[in-house]
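Below is one structure, written out as structure tokens, with a few remarks after it.
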Amino acid sequence: MKPRRPKRVRRNDFVLAMIQHHRLAAIARDELEPFSDREDYFLKALRAGRRVRARDFVVPAAVFRIEQARMQQVHAIIERACASKEEVVMV
């Protein structure tokens, strides 16, 4: 029997996992800045000399999408505040 191709959802999950792996590798090389608290903790753990595995910091695709949407909202708030010269208060 011929193996079936993975479903589109599974391929998308795999692609998002690979994106996270590549981002974490680039953060470890100081090529990118951390975009989320999870990536920031990864970088802090590396700088503290701890042995960290990137796969421990890869989250499921749904969580990654939520995290990205939240960070885009935060950046939009900061950009609007900078444009209007107001002080930003994060809650």
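The first residue in the sequence is number 1, and the count goes up from there.
- To the nearest 0.5 Å, atoms CZ (Phe35) and CZ (Arg70) are separated by 11.5 Å.
- Within the structure, every pair that satisfies the side-chain hydrogen bond (donor to acceptor under 3.5 Å, both in side chains) test and touches residues 14-25, not counting sequence neighbours, is listed here: Arg23-Glu39.
- Under the side-chain contact (heavy atoms from CB on, under 4.5 Å) criterion, Ala26 pairs with Arg29, Glu31, Leu32, not counting sequence neighbours.
- A single hydrophobic cluster is not seen to contain both Phe14 and Leu16; linkage of ILVMFWY side chains at heavy-atom distances under 4.5 Å, directly or through other members, places them apart.
- Enclosure of atom CG in Asn12 by more than 12 non-hydrogen atoms of other residues, nucleotides or ligands within 6.0 angstrom is indicated.
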Enumerate, atom names and distances included, each donor-acceptor pair closer than 3.5 Å involving a side-chain atom of residues 54-65, sequence neighbours excluded.
{"from": "Asp56", "atom 1": "OD1", "to": "Arg53", "atom 2": "NH2", "distance (Å)": "3.4"}
{"from": "Asp56", "atom 1": "OD2", "to": "Arg53", "atom 2": "NE", "distance (Å)": "3.2"}
{"from": "Asp56", "atom 1": "OD2", "to": "Arg53", "atom 2": "NH2", "distance (Å)": "3.4"}

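- Rounding to the nearest 0.5 Å places CD of Glu33 at 9.5 Å from CG of Asp40.
- To the nearest 0.5 Å, atoms CD (Gln72) and CD (Glu79) are separated by 10.5 Å.
- We find that Asp30 and Arg47 are joined by a salt bridge, their nearest charged nitrogen and carboxylate oxygen being less than 4.0 Å apart.
- With values rounded to the nearest 0.5 angstrom, Gln68 atom CD is found 7.0 Å from Ser36 atom OG.
- Each of Met71 and Ile77 belongs to its own hydrophobic cluster when Ile, Leu, Val, Met, Phe, Trp and Tyr are linked at side-chain heavy-atom distances under 4.5 angstrom.
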